[in-house]
Asks: 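Below: one structure in structure tokens.
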Amino acid sequence: RFLPVTAVMLVRLLLLCQTAYLAAAASDAFCYLPYSIQQWDFKSGCNGEPQFLSSFCPDHAAVVDGSLVMTLDNDNSCHSSPSDQCSARKTAGASFESREAILYGNLTFVAKAAKGDGVTTTLSAYGSASIAFGFKGSNLTQLGLTAGNSYPSVTLPFDAGEDFHAYTFVWQPNMTQYYVDDALVYTHNGSITSSSLKIWAWLYACGASYCKPFSYTGPQHTAIARIAYTPLGAAPSPNCTNPPLPPSFCDQQPAIASYWTPQTACMLPSPFGFNNSGFAYCYHHISNTSTEYMSLHADHNVSCYLPVECRSTAKMASSWIQLPSYIQLGHFTAKLSLTTTSDWAAQLLMRADSRNVSWILTSTTHSILQVDNITQTLPLPNDPAAPATYDVIITRSNVSFGVNGKVLAVISTPTSLPALAASLSLIPTTATVANTSSPELRVYQATYTATGDATPSCSPPSLKPMWSDEFSGTTLDGTWTAYDNCTHGKEAELYVPQAVSVADGSLKIQAFAFEHNQTDRAGNSHAYGSGWVDSASNKSNPALNDCQSNNTHGFSMLYGRLDIHAKIPPGHFWPALWMMPDYDICWPTGGEIDILETDIWNGKPLPYEILGTYHWSESTCFANSASGTSYPGCPGCDFSADFHTYSMELTPRRLTFFVDNNPYHTVTQVMTSDTLPKHPMYVIFGLQLWKGWNYTSDIPATLEIDWVRAYSF
């Protein structure tokens, strides 16, 4: 009675694997905390009236004071288009679901419910059936329960809107029990469902007959401090402090070639105990000529630019490639084949600081397993030269190793392993490798299924249009803010709205010379004007927001793809197409995505090169780390001669830059120590002049944006 039932709410089934090691892996607990907001899917839309009077907007859920807060108010601007079926709703609330599905066990919400007549909060496991707690804001001493088709209610000894309390149900095959602050309040005998369910939460205005008539009196909020799930028979998450697991994935060609990262480095200490200073890793020892697999090689070609520690000693180079994202609890597989002599071996290595999981394959039918300081030699049931699937299953208490689905060994771990960075490499087994050695490791596929996840698809994710601007009118719409009397750092230009126009099917941003110098708000004089537009308020860095703009009707996005069809101006300019977090977080801890900029600062002759760069910091404001490169697909080309499409694609695992749909640089979750963007990013277009700019013969000049299009996965 507290839950919406619509045909479009599909539940991803939790796969019930029959193999012993997968059954063990599926029994692990997980816990959501406010900082894991990126692990939820926030809904946009509206359900049927009269039960649901309000729409749902993704921006009505945010982390506030350590809790995930859902808001119900009269701002329905996320459905402002007249063609939107939800545009007539007078209020908007929030709704979200988990990405993992659960089946049997304890689910706890620590929450404080919203108040108000007709204001309804539902916290549930939902799919083919419902198990839920429901709160009517008109009387928060009554708690409604949902147990399939039963709707009992209980009286609480407190007002659920005054403070946080723990609401738990223990879901079993033939019984479900409901607890409040660890006290049993209701038992439902019998099965509710044997199908897996998603975790859902809703805050909305209710117009059904069983709700008190809704009357809007101002914004209302439901705050959720924690959501924890423990499968039947499993140990709960200690203090509920573990973050969500890394994302599941399935990589094969061409994704492996595009998103895995070749390494150039001195060789890691040898697990065989000899001095391996004569060896190194070179990025060009990896081949992607096959559409079926990636090849790792080793030879005497040490022509890459090595670190100084091994630059003079390395006489032979091998290959080492890093996966984009982490591995933790769950099931990892790698389909491999190894052709080699006894001089070389292949190593699958997962590590984080002093913790590690390693599997070394040799030319013979034996292998070496290691978990932390425990080592075991294992006979293989297969010929390493033939493609086989190697399994590593990590639980909180052990690591299992297997081949083609058959468990071969289990090594216990006294404490749970952290998130591990995974890599594959060729390593020498002796300090004196034969000159005729030519090992090859082929990588056909790698998958990771995080505990509780469904098996990931190996097909590339499809893209669905989510927003675009074709600039077909004569003015910017309300999505955009054109800056007025603003500066950006210490560049020479002053941003003014007259530099921005829409005409002939494109957005035009012009740099020009003022007839008389103009003074900015700080009293600095500027000889040149230019333009800056962005698609949201600039919350993340006060230095970028001298105009103190605040556009609540803008656009921002997190995971998906953004394409920008643009033509940069000729001359000595710094055009920039970039993104910043639409969130109150200091730079660059929330990330900065520079989809396009030129390398004006390098002092090179024209034409400038095109670059894509990501800036981040793990925790410290203004402590900038960056990874970027120039586009290698057209050396020396003048990109100002024509329009090109500049793109970025962001997932929880990696950020990839494109020019004309050609991927050329990827920044990964592992490279950034898990500091890829976790908040929606808004779009910025600007035509900047470098500090001390004095190329008056280059102006006027125009940056043109033909269109911008955003897609979600």
Asks: For side-chain contact (heavy atoms from CB on, under 4.5 Å), just list the numbers for Val659 and Tyr631, CA-CA rounded to whole Å, side-chain angles, deciding distance to a tenth of an Å, and then say yes or no.
Replies: CA-CA 7 Å; Val659 172; Tyr631 176 60; 3.8 Å; yes

Asks: Please report the C-alpha distance between Tyr608 and Asn602 in whole Å, then the side-chain angles of each, then the deciding distance to 0.1 Å, and finally whether the side-chain hydrogen bond (donor to acceptor under 3.5 Å, both in side chains) criterion is met.
Replies: CA-CA 9 Å; Tyr608 292 140; Asn602 281 334; over 6 Å; no

Asks: Which heavy-atom pair separates Pro680 from Ser556 by the least distance, and what is that distance?
Replies: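 Result for this residue pair: CB-OG, 3.5 Å.
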
Asks: side-chain hydrogen bond (donor to acceptor under 3.5 Å, both in side chains), that's the test. Do Thr91 and Asn74 meet it? Break it down for me.
Replies: CA-CA 4 Å; Thr91 57; Asn74 61 357; over 6 Å; no

Asks: Backbone N or O of Ser77 within a donor-acceptor pair of the Ser80 side chain at under 3.5 Å?
Replies: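 Yes.
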
Asks: Does a donor on one side chain and an acceptor on the other come within less than 3.5 Å for Ser81 and Ser83?
Replies: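 The answer is yes; a qualifying pair exists.
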
Asks: Run the side chain to side chain contact (heavy atoms under 4.5 Å, CB included) test against Val502 and tell me which residues pass, sequence neighbours left out.
Replies: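 Testing Val502 for side chain to side chain contact (heavy atoms under 4.5 Å, CB included), a comparison that skips the adjacent residues, returns Phe471, Leu476, Leu507.
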
Asks: Could you tell me whether Tyr695 atom OH has more than 12 heavy atoms of other residues or ligands within 6.0 Å of it?
Replies: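 Counting other residues, nucleotides and ligands, OH of Tyr695 stays at 12 neighbours or fewer.
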
Asks: Give me the one residue out of Pro456, Ser325, Ser457, Cys458 that meets side chain to side chain contact (heavy atoms under 4.5 Å, CB included) with Phe249.
Replies: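 The single option meeting the side chain to side chain contact (heavy atoms under 4.5 Å, CB included) with Phe249 is Ser325.
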
Asks: Taking atom types as modelled and ignoring hydrogens, do the side chains of Thr479 and Ser535 form a donor-acceptor contact shorter than 3.5 angstrom?
Replies: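 Not at all, the side chains of Thr479 and Ser535 share no donor-acceptor pair under 3.5 Å.
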
Asks: For residues Thr598 and Pro575, report the shortest heavy-atom separation together with the two atoms involved.
Replies: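 Nearest heavy atoms, Thr598 then Pro575: OG1-CD, 3.6 Å.
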
Asks: Does Trp693 have its ring centroid less than 6.0 Å away from the ring centroid of Phe573?
Replies: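 That pair passes the under 6.0 Å test.
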
Asks: Please tell me if the side chains of Leu577 and Ile684 come closer than 4.5 Å, counting only heavy atoms from C-beta onward.
Replies: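 A side-chain contact is absent here, since even the closest heavy-atom pair is not under 4.5 Å.
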
Asks: Does a donor on one side chain sit under 3.5 Å from an acceptor on the other, for Ser525 and Thr519?
Replies: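 Per modelled atom types, Ser525 and Thr519 side chains form no pair under 3.5 Å.
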
Asks: Given Ser617 and Thr589, is the side-chain hydrogen bond (donor to acceptor under 3.5 Å, both in side chains) satisfied, shown in steps?
Replies: CA-CA 5 Å; Ser617 173; Thr589 55; over 6 Å; no

Asks: Please examine the side chains of Thr122 and Trp200, heavy atoms only from C-beta on, and report whether any two atoms are closer than 4.5 Å.
Replies: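 Side-chain contact under 4.5 Å: no.
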
Asks: Determine whether Pro324 and Gln669 make a side-chain contact, defined as any pair of heavy atoms from C-beta on separated by less than 4.5 Å.
Replies: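 No - every pair of side-chain heavy atoms lies 4.5 Å or more apart.
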
Asks: Verify the distance criterion only: is there a donor paired with an acceptor across the side chains of Thr71 and His60 at less than 3.5 Å?
Replies: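 No, no side-chain donor-acceptor pair sits under 3.5 Å.
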
Asks: What pairs of residues pass the salt bridge (Lys or Arg N to Asp or Glu O under 4.0 Å) test when at least one of them lies in residues 633-655, not counting sequence neighbours?
Replies: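 For residues 633-655, and leaving out neighbouring residues, the salt bridge (Lys or Arg N to Asp or Glu O under 4.0 Å) pairs sorted by first residue read Asp251-Arg653, Arg561-Glu649, Glu649-Arg654.
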
Asks: Between Phe52 and Trp202, does the ring centre distance come in under 6.0 Å?
Replies: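 Between Trp202 and Phe52, which both carry aromatic rings, the centre distance is not below 6.0 Å.
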
Asks: Take His615 and Asp594 through the test side-chain hydrogen bond (donor to acceptor under 3.5 Å, both in side chains) and record every step on the way to the result.
Replies: CA-CA 8 Å; His615 299 264; Asp594 297 334; 3.1 Å; yes

Asks: Between atom CD1 of Ile600 and atom NE2 of His572, what is the distance when rounded to the nearest 0.5 Å?
Replies: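 One finds 7.5 Å between CD1 of Ile600 and NE2 of His572.
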
Asks: Counting C-beta onward and ignoring hydrogens, is there a side-chain heavy-atom pair between Thr666 and Tyr259 closer than 4.5 Å?
Replies: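 In contact.
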
Asks: I'd like to check Phe657 versus Ser647 (side-chain heavy atoms, cut-off strictly below 4.5 Å). Are they in contact?
Replies: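 In short, these two side chains do not touch, never coming nearer than 4.5 Å.
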
Asks: If you apply the rule side-chain contact (heavy atoms from CB on, under 4.5 Å), what do you find for Ile610 with Leu596, and how did you get there?
Replies: CA-CA 6 Å; Ile610 297 298; Leu596 169 140; 3.9 Å; yes

Asks: May I ask you to check whether Trp574 and Glu597 show a side-chain donor-acceptor distance below 3.5 Å?
Replies: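 Result is yes, a qualifying pair exists.
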
Asks: Distance alone, cut at 3.5 Å: any donor-acceptor contact between the side chains of Asp706 and Ser506?
Replies: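 Note: Asp706 and Ser506 side chains miss the donor-acceptor criterion.
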
Asks: Spell out, as yes or no, whether a donor-acceptor pair under 3.5 Å connects the side chain of Ser98 to the backbone of Ile199.
Replies: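 At least one qualifying donor-acceptor pair exists.
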
Asks: Can you name the closest pair of heavy atoms from Cys78 and Pro58 and give their distance?
Replies: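 That closest heavy-atom pairing would be SG-CD, 4.5 Å.
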
Asks: Return the set of residues passing ring-ring contact (aromatic ring centres under 6.0 Å, His included) with Tyr646 (not counting sequence neighbours), or none when no residue passes.
Replies: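 Tyr646 satisfies ring-ring contact (aromatic ring centres under 6.0 Å, His included) with no other residue.
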
Asks: Which pairs count as salt bridge (Lys or Arg N to Asp or Glu O under 4.0 Å) when at least one residue sits in residues 464-478, sequence neighbours excluded?
Replies: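 Every salt bridge (Lys or Arg N to Asp or Glu O under 4.0 Å) pair that includes a residue of residues 464-478, provided the two are not neighbours, is Glu470-Arg709.
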
Asks: Can a donor-acceptor pair be found between the side chains of Glu493 and Ser530 at a distance below 3.5 Å?
Replies: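 Result is no, nothing qualifies.
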
Asks: Show the nearest heavy-atom pair for residues Pro677 and Leu558, with the distance to one decimal.
Replies: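 Where Pro677 meets Leu558 most closely, the heavy atoms are O-CD1, 3.7 Å.
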
Asks: To the nearest 0.5 Å, how far apart are CD in Glu97 and OH in Tyr126?
Replies: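 Result: 10.5 Å between the selected atoms.
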
Asks: Between Lys508 and Ser501, is any pair of side-chain heavy atoms under 4.5 Å apart?
Replies: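 SC-SC contact between Lys508 and Ser501 confirmed.
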
Asks: Evaluate the side-chain proximity of Asn76 to Lys90: yes if any heavy-atom separation is below 4.5 Å, no if none is.
Replies: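 When only atoms from C-beta onward are counted, Asn76 and Lys90 do not touch, as no gap falls below 4.5 Å.
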
Asks: Side chains of Met648 and Thr656: closer than 4.5 Å at any heavy-atom pair?
Replies: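 Not in contact.
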
Asks: Under 3.5 Å, is there a donor-acceptor pair linking the side chains of Asn47 and Tyr204?
Replies: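 Their side chains do not contain a donor-acceptor pair, so the 3.5 Å distance test is not met.
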
Asks: With sequence neighbours left out, write down each residue that passes side chain to side chain contact (heavy atoms under 4.5 Å, CB included) with Gln510, or none if nothing qualifies.
Replies: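 Only Phe512, Pro700, Thr702 meet the side chain to side chain contact (heavy atoms under 4.5 Å, CB included) criterion with Gln510.
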
Asks: Should the ring pair Trp587 and Phe622 be called parallel, tilted or perpendicular, given that the plane angle runs from 0 to 90° and is split at 30 and 60?
Replies: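 Correct class here is tilted.
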
Asks: Once you round to the nearest 0.5 Å, how far does CG of Asp534 lie from CE of Met579?
Replies: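 So the gap between those two atoms works out to 11.5 Å.
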
Asks: Any chance you could measure Ile568, atom CD1, to Leu703, atom CG, to the nearest 0.5 Å?
Replies: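 Answer for the CD1-CG pair, Ile568 versus Leu703, is 8.5 Å.
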
Asks: Of Asn517, Asp520, Asn485, which is the lone residue that meets side-chain hydrogen bond (donor to acceptor under 3.5 Å, both in side chains) with His526?
Replies: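 For His526, the side-chain hydrogen bond (donor to acceptor under 3.5 Å, both in side chains) check succeeds only for Asp520.
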
Asks: Does CD belonging to Glu49 count more than 12 external heavy atoms closer than 6.0 Å?
Replies: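 Enclosed.
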
Asks: Rounded to the nearest 0.5 Å, what separates atom CZ in Phe685 from atom CD in Glu704?
Replies: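 If I round to the nearest 0.5 Å, the distance is 13.0 Å.
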
Asks: Please assess Met681 against Ile593 for the test side-chain contact (heavy atoms from CB on, under 4.5 Å), listing each intermediate value before the final yes or no.
Replies: CA-CA 9 Å; Met681 309 288 281; Ile593 303 173; 4.0 Å; yes

Asks: Might you point out which heavy atoms bring Cys57 and His79 nearest each other, and give the distance in Å?
Replies: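 Looking at all heavy atoms of both residues, the closest pair is SG-CD2, 3.8 Å.
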
Asks: Nearest 0.5 Å, please: how far is OG1 in Thr613 from NE2 in His665?
Replies: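 The NE2 atom of His665 sits 7.0 Å away from the OG1 atom of Thr613.
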
Asks: Quick one: list whatever passes ring-ring contact (aromatic ring centres under 6.0 Å, His included) with Tyr283, sequence neighbours left out.
Replies: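 Partners of Tyr283 by the ring-ring contact (aromatic ring centres under 6.0 Å, His included) criterion come out as none, since no residue qualifies.
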
Asks: Counting only heavy atoms not in Asp504, do more than 12 fall under 6.0 Å of its CG?
Replies: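 At most 12 heavy atoms, drawn from other residues, nucleotides or ligands, come within 6.0 Å of this atom.
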
Asks: Identify the heavy atoms of Pro246 and Tyr448 that sit nearest to each other, and give their distance.
Replies: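 Smallest heavy-atom distance, with atoms named: O-CE2, 3.6 Å.
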
